[in-house]
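What follows is a short report on a single structure.
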Amino acid sequence: MKKNIVFFLIDGLRYDQIFGEFKESFTPNIDSLIDKGQFFSNSFSSADGTVLSLNTIFNSVFSCKTNNRARKIILEKNNMFDILKKSDYDIFGLVPKMKIYDPLVKIFENDDKTYDWIEKNESLQTILSEKIIKLLKQRNQALPSFTYLHILDLHPLREGNIPKGIEHFNDEKFGKSDYAKTVSSIDSVIGTILRNIDLSNTIVIITSDHGERIPFENLRNSDFEPEFNSTKKIGKKILPKQTHKISGKILSKISKSIKEKKIEKKSLNLNNYQKRSRDPYFTLSLFDELLHVPLLFVGPGITKNINSNFIRHVDLYPTILDSLNLEYDSKRIDGKSFFPFSKSINTEEMVSYLHTMPYEKPHSTDSVGIRTQKYKYFRSESSKNENIHLYDLENDPFENNNIIKNNPELQNKFEKLIKEIEEGKSDEKSEFSKEEEAMISEELKKLGYM
């Protein structure tokens with residue numbers, strides 16, 4: 001009998017809030033799964049944004065080969081879903097109702113394929129959990145199925161909002177930060193969903209597209225900016241209307257100056273990791289807090305283990321297919337299967353190609369890089385001589401000390417790797433019409449990306 005797959009993609013879930021010494025969140029349901037399955041402590045995304053990450057997972061090729069500036073899901077020929085369909089798998093799923101997910105929606109075979117995140121804020125704590133359970137019950141149990149569930153409950157934090165439902169987790173046992181409390185709330189609902197999954201014939205996968213910033217001491221840089229509410233009110237009353245605009249600009253400059261001085265003072269004793277944790281959510285970044293993600297496989301035939309192999313997003317496609325004993329062309333993909341999980345795949349240096357998520361237009365902070373088990377190298381996409389970073393991850397896991405100046409040979413090595421990988425670079429144009437592109441831009445604006 002063929003095994004089913006239920007694939008949870010929890011958007012923005014970082015590794016250290018699921019496992020390890022820095023965990024604050026309360027996740028008894030995921031803990032229970034970890035205690036039964038294969039948990040990967042060294043799993044990394046290839047991008048700090050959703051689209052590039054999912055394109056890497058579903059196609060098992062580095063993002064430059066599906067287009068580094070893609071703003072939609074791209075499914076190349078013989079993608080993971082193609083192989084599953086050819087092997088008589090039903091493909092089901094629930095994703096946010098957004099144009100970027102349309103290519104996925106087209107292949108899902110269930111009726112209710114999307115949930116309204118933007119307008120109705122549907123989430124696990126509102127109606128999404130009911131939709132997921134309904135979907136799981138509707139599957140034809142006589143046929144093998146792959147079910148993809150994309151959960152956005154952490155995303156309001158990126159938008160500057162408090163996620164719904166975490167008011168019920170307002171206790172330090174659920175975490176000190178809003179982020180940790182939200183992870184705790186997600187886990188509570190996953191427990192309910194799991195009761196509707198038969199683990200005797202289903203492999204459950206839990207991972208994320210990318211990590212996230214958790215601001216040190218729960219303070220963002222924006223929190224240091226004075227609001228001058230009283231001053232604004234008085235100014236509007238006593239100053240002529242025609243001076244309001246220019247006086248507003250002056251007040252904004254004063255506010256910015258005060259904020260920068262406060263940040264400088266408050267940052268004196270902070271390391272680089274702590275300082276950048278306070279950056280705005282949508283600051284482009286290839287640091288590990290945005291790339292280190294949890295990865296868990298649990299189900300029939302999977303033994304309990306904490307696996308320290310270096311795993312990349314690009315490796316998920318062949319691993320999933322191998323776990324189902326399905327055939328695929330390993331020569332056309334960049335990923336390597338790490339199934340069976342008992343084997344070591346680090347007999348040779350594993351290389352991950354990295355790229356920041358694309359803004360609407362090319363940006364000065366767009367970055368490209370390489371990650372191995374030991375090193376992280378990245379620099380500006382537009383110039384080899386700008387924004388250059390190199391970190392020894394074994395001795396500096398929080399990437400506080402940039403060692404690029406003393407290691408020109410490593411820089412040359414990683415530049416050569418970038419060049420080799422980008423030989424297969426895609427410049428594919430969007431298949432969306434101008435109207436659809438406008439819709440995507442509007443959706444991304446509502447989510448805070450633009």
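Predicted model only: the values in this text are computed from it and were never measured.
- Remark: the backbone N or O of E24 is paired with a side-chain donor or acceptor of Q17 at under 3.5 angstrom.
- Side-chain atoms of S129 do not come within 3.5 Å of backbone N or O of Q125 as any donor-acceptor pair.
- Considering every non-hydrogen atom in both Y101 and V95, the closest pair reads CB-CG2, 3.7 Å.
- With F22 as the fixed residue, the ring-ring contact (aromatic ring centres under 6.0 Å, His included) test singles out one of F398, Y179, Y15: F398.
- Ring-centre distance between F297 and F339: not below the 6.0 Å cut-off.
- In this structure the side chain of I18 never reaches within 4.5 angstrom of the side chain of I206, judged on heavy atoms.
- In this structure, K374 places its NZ atom where more than 12 heavy-atom neighbours from other residues, nucleotides or ligands lie under 6.0 Å away.
- Panel note: side chain N387, backbone F378; no donor-acceptor pair is recorded below 3.5 Å.
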*CA sep, side-chain torsions, deciding dist, call: L54, H150, side-chain contact (heavy atoms from CB on, under 4.5 Å)*: CA-CA 11 Å; L54 294 187; H150 195 113; 3.9 Å; yes

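- In terms of modelled atom types and a separation under 3.5 Å, the side chain of D396 and the main chain of D392 share no donor-acceptor contact.
- Rounded to the nearest 0.5 Å, atoms CG (L135) and CG (D111) are 10.0 Å apart.
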*Under the side-chain contact (heavy atoms from CB on, under 4.5 Å) rule, what do S277 and E289 come out as? Steps first, then yes or no, please.*
CA-CA 9 Å; S277 76; E289 57 266 26; 5.9 Å; no

_Run K113 and K106 through side-chain contact (heavy atoms from CB on, under 4.5 Å) and show every step you take._
CA-CA 9 Å; K113 306 174 183 183; K106 288 177 182 177; over 6 Å; no

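- Between the side chains of T56 and S46, at least one donor N or O sits under 3.5 Å from an acceptor N or O.
- Looking at R69, its side chain never comes within 3.5 Å of a backbone N or O of P358 through a donor-acceptor pair.
- The ring-ring contact (aromatic ring centres under 6.0 Å, His included) with F44 is formed by just one residue from the set H292, H210, H313; it is H292.
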*Please walk me through it: do E76 and R332 pass salt bridge (Lys or Arg N to Asp or Glu O under 4.0 Å)?*
CA-CA 11 Å; E76 300 281 5; R332 62 155 295 277; over 6 Å; no

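- Centroid-to-centroid, the aromatic rings of F40 and F341 come within less than 6.0 Å.
- Atom CG of D329 has more than 12 neighbouring heavy atoms from other residues, nucleotides or ligands inside a 6.0 Å radius.
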*Chi angles and distances behind the salt bridge (Lys or Arg N to Asp or Glu O under 4.0 Å) call for E122, K97*: CA-CA 10 Å; E122 293 182 343; K97 187 179 180 181; over 6 Å; no

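- The heavy-atom pair separating S45 from D209 by the smallest distance is OG-O, 2.7 Å.
- Rounding to the nearest 0.5 Å gives a distance of 6.5 Å between CD1 of I30 and CG of L13.
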*asked:* Quick one, H355 with Y353, criterion side-chain hydrogen bond (donor to acceptor under 3.5 Å, both in side chains). Give me CA distance, side-chain angles, the key distance, then yes/no.
replied: CA-CA 7 Å; H355 201 283; Y353 175 87; 4.9 Å; no

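- One N or O on the side chain of D48 and one on the backbone of M357 form a donor-acceptor pair closer than 3.5 Å.
- With R278 contributing its side chain and N221 its backbone, the two residues share no donor-acceptor pair below 3.5 Å.
- Separating the CD atom in Q138 from the OG1 atom in T147 is a distance of 11.0 Å, to the nearest 0.5 Å.
- Geometrically, R276 engages F287 in a cation-pi contact, judged by NZ or CZ lying under 6.0 Å from the ring centre and within 45° of the ring axis.
- Taking CG of L128 as the reference point, atom CG of L94 lies at 6.5 Å (rounded to 0.5 Å).
- Contact annotation: the side chain of V351 approaches that of I421 to within less than 4.5 Å [non-hydrogen atoms, C-beta and beyond].
- Note that the NZ atom of K304 and the CG atom of D35 stand 4.0 Å from one another [nearest 0.5 Å].
- Judged by distance alone, with hydrogens and angles left aside, the side-chain atoms of T207 form no donor-acceptor pair with the main-chain N or O of L9 at under 3.5 Å.
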*Evaluate the side-chain contact (heavy atoms from CB on, under 4.5 Å) criterion for residues I203 and S323: first the C-alpha distance (whole Å), next the side-chain angles of each, then the deciding distance (0.1 Å), finally the verdict.*
CA-CA 9 Å; I203 296 174; S323 72; 4.0 Å; yes

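- Scanning both residues, T182 and D178, for their nearest heavy atoms gives OG1-O, 2.7 Å.
- Residues V183 and D153 are not in side-chain contact: their nearest non-hydrogen atoms beyond the backbone lie 4.5 Å or more apart.
- At a cut-off of 3.5 Å, with distance as the only test, a side-chain donor of D198 or S200 sits close to an acceptor on the other residue.
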_Test salt bridge (Lys or Arg N to Asp or Glu O under 4.0 Å) applied to D31 and K23, step by step_ = CA-CA 12 Å; D31 292 348; K23 177 183 174 184; 3.0 Å; yes

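- Pairing each heavy atom of T356 with each of S367, the nearest pair is OG1-N, 2.9 Å.
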Show me the donor-acceptor pairs, under 3.5 Å and distance only, between side chains in residues 162-172 and residues at least two apart or in other chains.
unit_1: E167; atom_1: OE1; unit_2: G165; atom_2: N; d: 3.1
unit_1: N170; atom_1: OD1; unit_2: K181; atom_2: NZ; d: 3.3
unit_1: D171; atom_1: OD1; unit_2: K173; atom_2: N; d: 2.9

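- For the pair R379 and F414, the NZ or CZ position fails the cation-pi test of under 6.0 Å to the six-membered ring centre and within 45 degrees of the ring normal.
- L149 places a side-chain heavy atom less than 4.5 Å from the side chain of V6.
- Around the NZ atom of K86, the shell of radius 6.0 Å holds more than 12 heavy atoms that belong to other residues, nucleotides or ligands.
- Enclosure of atom NZ in K384 is not indicated, since only 12 or fewer non-hydrogen atoms of other residues, nucleotides or ligands lie within 6.0 angstrom.
- In summary, the side chains of E415 and Y377 do present a donor paired with an acceptor at a separation below 3.5 Å, with no hydrogens or angles considered.
- To the nearest 0.5 Å, the span separating OG on S285 from CG on L291 amounts to 7.0 Å.
- Residues D322 and Y328 have side chains that bring a donor and an acceptor to within less than 3.5 angstrom of each other.
- Contacts of F26 classified as ring-ring contact (aromatic ring centres under 6.0 Å, His included), with partners at least two apart in sequence or in another chain: F174.
- No side-chain heavy atom of E212 sits less than 4.5 Å from a side-chain heavy atom of L157.
- Checking side-chain atoms of E381 against main-chain N and O of D366 turns up no donor-acceptor pair under 3.5 Å.
- The one candidate from F8, F92, F7, Y89 that meets the ring-ring contact (aromatic ring centres under 6.0 Å, His included) condition with Y148 is F7.
- No donor-acceptor pair closer than 3.5 Å links the side chain of N307 to the backbone N or O of Q38.
- Between D315 and G335, the closest heavy-atom pair is OD1-CA, 3.4 Å.
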*asked:* Working note: D82 + K85, criterion salt bridge (Lys or Arg N to Asp or Glu O under 4.0 Å); need CA distance, chi angles, decisive distance, verdict.
replied: CA-CA 5 Å; D82 279 349; K85 280 190 170 185; over 6 Å; no

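- Heavy atoms only, all atoms of each residue included: L75 and F58 are closest at CD2-CB, 3.9 Å.
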